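Notes follow the structure.
When reading the values below, keep in mind they use all heavy atoms of this one structure, side chains included, and skip hydrogens, waters and symmetry mates. When a residue number appears, it is its place in the shown sequence, counting from 1. Small disclaimer: the values here were computed from a predicted structure and weren't measured.
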Amino acid sequence: MPASADDFATCVVNLQQKAQREGLSKETIDNALANVNYVSRVIELDKKQPEFSQTFDNYFSKRVTDWRVSQGRKMLREHKVLLAKLQETYGIPPQYLMAFWGLETNFGAYKGKMPVLDSLATLACDPRRSQYFTGELMKALKLKEKYDFDVSTMVGSWAGAMGHTQFMPSAYTHYAVDGDGDGKADLWNSTADALSSAANFLNQLGWQRNERWGREVRLPANFNYDYLGKSKAQGLTEWKQLGLTQSNGAALSTPDMTATLYLPAGHTGPAFLGYKNFDVIMRWNRSEFYAIAVGHLADRINGGVALAIAPPKQDNLSRARVKALQAKLNDKGFDVGKPDGVMGKNSKTGLRAYQQSVGLLADGFPDEATFKAIEIN
């Protein structure tokens, strides 16, 4: 963080020099870049680590709402001609575009209001991720120049994500397309541009035509939880043989597809199989909770029913408690890496191994029985 206004001013001079080397115009450098402001709130938000890890129920219930389902269906009807064209061109079913749009900005109702250039310059002048945000700032300036955007209209999230679909400048640069034919890819003011760009982005990320994102499933009694996680992905035929069914009890269909099993709330909550398109959603946002929310919201918008097993109400876990758990696991020889308070892949794998070693149900979920067994209050 710059220690003073002078430090930020010096950083901006360096950014101007970089912008010049990257071929940006003198007008852009002398006006748009020279007049950026330092925003302390941006740094606060960037460095703020939540004291508690959100539960699946807390996350999911706030995102897959009746309002988003009904509004998504309304938008599906309103934009059906465009959406049919995008499905033909890019292979993305309309309900998925509605789900992303709904989760990112409430269908364009809230796109953020922080000046993008100020946010990116502030982050570029902070040492924590300076290189990344310097690159994003340069791309944002090039977008301004290319499309003659006014600085005052370039608003977004504190991290610089922009428009209906909250694209960072790099995603905007590589994947935004002109969907309404006016010669400009404007993700703030053109719904056609925004939805076309989202479809192009998902297509380029590897979306599989004619395949689902995944589905809710039911697990048999006495299920072997060793099959959890990406490293234990199985073909659908194998999952059927292991006793999994659709959420309504019907048999799994068994096309030649591989799937990964997810239990976002542990064995007492809903279970999901994620297919290749689940991984594509994860490339948009690296959160399993987000991918499940997008997929299920898309299903609901398309006429599907609510989850068969509702996410259980669970207390938020403090990061300090998770750190203590990770440290204990390391001490007991279950290597989960440096304790960081986040239950990532390594932590879940190590926790499953520990749970199995002490005779607990080994779902990799840090429930109270696990904390008691490992002697953490």
Polar contact flag, side-chain donor to acceptor under 3.5 angstrom, Asp186-Asn189: yes
Pairwise side-chain contact, Phe100 with Ile281, heavy-atom cut-off 4.5 Å (strictly under): yes
Carboxylate-amine/guanidinium contact Arg41 Glu44, below 4.0 Å: yes
I'd like to know if the side chain of Ser130 reaches the main chain of Pro127, judged simply by a donor and an acceptor atom lying under 3.5 Å from each other, with no hydrogens or angles considered. no
May I have the step-by-step check of side-chain contact (heavy atoms from CB on, under 4.5 Å) for Leu317 and Phe52, ending in yes or no? CA-CA 5 Å; Leu317 272 177; Phe52 293 92; 6.0 Å; no
Does the plane of the ring in Trp101 sit parallel, tilted or perpendicular to the ring in His79? Use 30° and 60° as the thresholds. perpendicular
One thing to verify: whether Lys18 and Glu22 come together as a salt bridge, which I'm taking to mean a side-chain N less than 4.0 angstrom from a carboxylate O. yes
Return yes if a side-chain donor-acceptor contact under 3.5 Å exists between Glu136 and Ser170, otherwise no. yes
Can you tell me how far the NZ atom of Lys47 sits from the CD1 atom of Ile43, to the nearest 0.5 Å? 6.0 Å
Rounded at 0.5 Å granularity, tell me how far CG in Leu325 sits from OG1 in Thr370. 7.5 Å
Around atom NZ of Lys328, are there more than 12 heavy atoms from other residues, nucleotides or ligands closer than 6.0 Å? yes
Could you list the donor-acceptor pairs under 3.5 angstrom formed between side-chain atoms of residues 245-262 and any protein atom two or more places apart in sequence or on another chain?
from   : atom 1 : to     : atom 2 : distance (Å)
Gln246 : OE1    : Arg215 : NH1    : 3.4
Gln246 : NE2    : Ala251 : O      : 2.9
Asn248 : OD1    : Ala250 : N      : 2.9

For the pair Glu216 (side chain) and Ala308 (backbone), establish whether a donor and an acceptor sit closer than 3.5 Å, ignoring hydrogens and angles. yes
For the side chain of Lys144 and the backbone of Phe149, is there at least one donor-acceptor N/O pair under 3.5 Å apart? yes
Report the C-alpha distance between Ser347 and Gln326 in whole Å, list the side-chain angles of each, state the deciding distance to 0.1 Å, and finish with yes or no for side chain to side chain donor-acceptor pair (under 3.5 Å). CA-CA 7 Å; Ser347 294; Gln326 292 167 325; 3.0 Å; yes
Quick test of your reading of the model: are Lys345 and Glu288 salt-bridged, counting only N-O distances below 4.0 Å? no
Leu143 vs Thr173 side-chain heavy atoms within contact, under 4.5 Å: yes
Taking atom CG of Asp150 as the centre, does the number of heavy atoms from other residues, nucleotides or ligands within less than 6.0 Å exceed 12? yes
Is the number of heavy atoms from other residues, nucleotides or ligands under 6.0 Å of Asp331 CG greater than 12? yes
Is the backbone of Ala32 close enough, under 3.5 Å, to the side chain of Glu27 for a donor and an acceptor to pair up by distance? no
Are any side-chain N or O atoms of Gln355 and backbone N or O atoms of Gly364, one a donor and one an acceptor, separated by less than 3.5 Å? yes
So Trp284 and Phe201, ring pair (Phe, Tyr, Trp, His ring centres under 6.0 Å) or not? Walk me through it. CA-CA 9 Å; Trp284 180 302; Phe201 188 24; 5.2 Å; yes
Could you list the residues that satisfy side chain to side chain donor-acceptor pair (under 3.5 Å) with His174, not counting sequence neighbours? none
Is there a side-chain contact between Ser40 and Thr122 (heavy atoms, below 4.5 Å)? no
Side chain of Asn285, backbone of Tyr290: donor and acceptor closer than 3.5 Å? no
Test your reading of the model: is there a side-chain donor-acceptor pair from Asn203 to the backbone of Ile92, 3.5 Å cut-off? no
Single-linkage hydrophobic cluster Phe272~Val280, side-chain heavy atoms < 4.5 angstrom: yes
Would the distance check show the side chain of Asp193 and the main-chain N or O of Gly179 forming a donor-acceptor pair, the cut-off being under 3.5 Å? yes
Would you say the rings of Phe223 and Tyr225 are close, in the sense that their centroids are separated by under 6.0 Å? yes
Leu242 vs Asn224 side-chain heavy atoms within contact, under 4.5 Å: no
Lys184/Asp148 salt bridge by N-O under 4.0 Å criterion: no
Could you check Phe60 against His296 for ring pair (Phe, Tyr, Trp, His ring centres under 6.0 Å), going step by step and ending with a plain yes or no? CA-CA 10 Å; Phe60 186 85; His296 184 66; 5.6 Å; yes
Ring centre gap for Trp188 and His164 strictly below 6.0 Å: no
What do the steps show when you test Trp67 against Asn106 for side chain to side chain donor-acceptor pair (under 3.5 Å), and what is the final call? CA-CA 10 Å; Trp67 180 84; Asn106 275 341; over 6 Å; no
Atom CZ in Phe167, atom OG in Ser197: separation rounded to 0.5 Å? 5.5 Å
How about Asn346 and Thr349: does a side-chain donor come under 3.5 Å of a side-chain acceptor? no
Relative to each other, are the rings of Tyr227 and Trp239 parallel, tilted or perpendicular (30° and 60° limits)? perpendicular
Mind checking the CG-CH2 spacing from Leu273 to Trp213? Nearest 0.5 Å is all I need. 9.0 Å
Quick check: do Tyr96 and Pro94 have side-chain heavy atoms less than 4.5 Å from each other? no
Whether Asp363 and Lys348 form a salt bridge (side-chain N of Lys/Arg under 4.0 Å from carboxylate O of Asp/Glu) is what I want to check. no
Tell me, which pairs form a salt bridge (Lys or Arg N to Asp or Glu O under 4.0 Å) where one or both residues lie in residues 305-318, sequence neighbours left out? Asp57-Lys313
All heavy atoms of Leu329 vs all of Gly350, minimum pair found to be CD2-O, 4.2 Å
N/O donor-acceptor pair under 3.5 Å between Lys111 side chain and Met162 backbone: no
Atom CG of Asp118 and atom CG of Asn37: how far apart are they, to the nearest 0.5 Å? 4.5 Å
Are Asn377 and Lys372 close enough, and set up right, to give a side-chain contact (heavy atoms from CB on, under 4.5 Å), and what steps lead you there? CA-CA 7 Å; Asn377 294 325; Lys372 183 177 180 181; over 6 Å; no
Are Asp46 and Arg128 ion-paired here, with the side-chain N under 4.0 Å from a carboxylate O? yes
Check whether the side chains of Ser25 and Thr28 place a donor and an acceptor atom closer than 3.5 Å, and report yes or no. yes
In terms of side-chain geometry, is the basic nitrogen of Arg321 or Glu368 positioned less than 4.0 Å from the acidic oxygen of its partner? yes
Could you give me the CA-CA distance, side-chain angles and deciding distance for Asn302 and Arg73, then say whether side chain to side chain donor-acceptor pair (under 3.5 Å) is met? CA-CA 7 Å; Asn302 202 37; Arg73 290 173 180 172; over 6 Å; no
Would you please indicate yes or no on a ring centroid separation below 6.0 angstrom for Phe289 and Phe56? yes
Between the side chain of Arg68 and the main-chain N/O of Gly102, is any donor-acceptor distance below 3.5 Å? yes
Thr10/Asp7 under side chain to side chain donor-acceptor pair (under 3.5 Å): CA gap, chis, key distance, verdict: CA-CA 5 Å; Thr10 300; Asp7 290 341; 5.4 Å; no
Given the rule in the side-chain contact (heavy atoms from CB on, under 4.5 Å) test, do Leu24 and Glu145 qualify, once you have shown the distances and angles that lead to the verdict? CA-CA 8 Å; Leu24 281 149; Glu145 203 164 90; 3.6 Å; yes
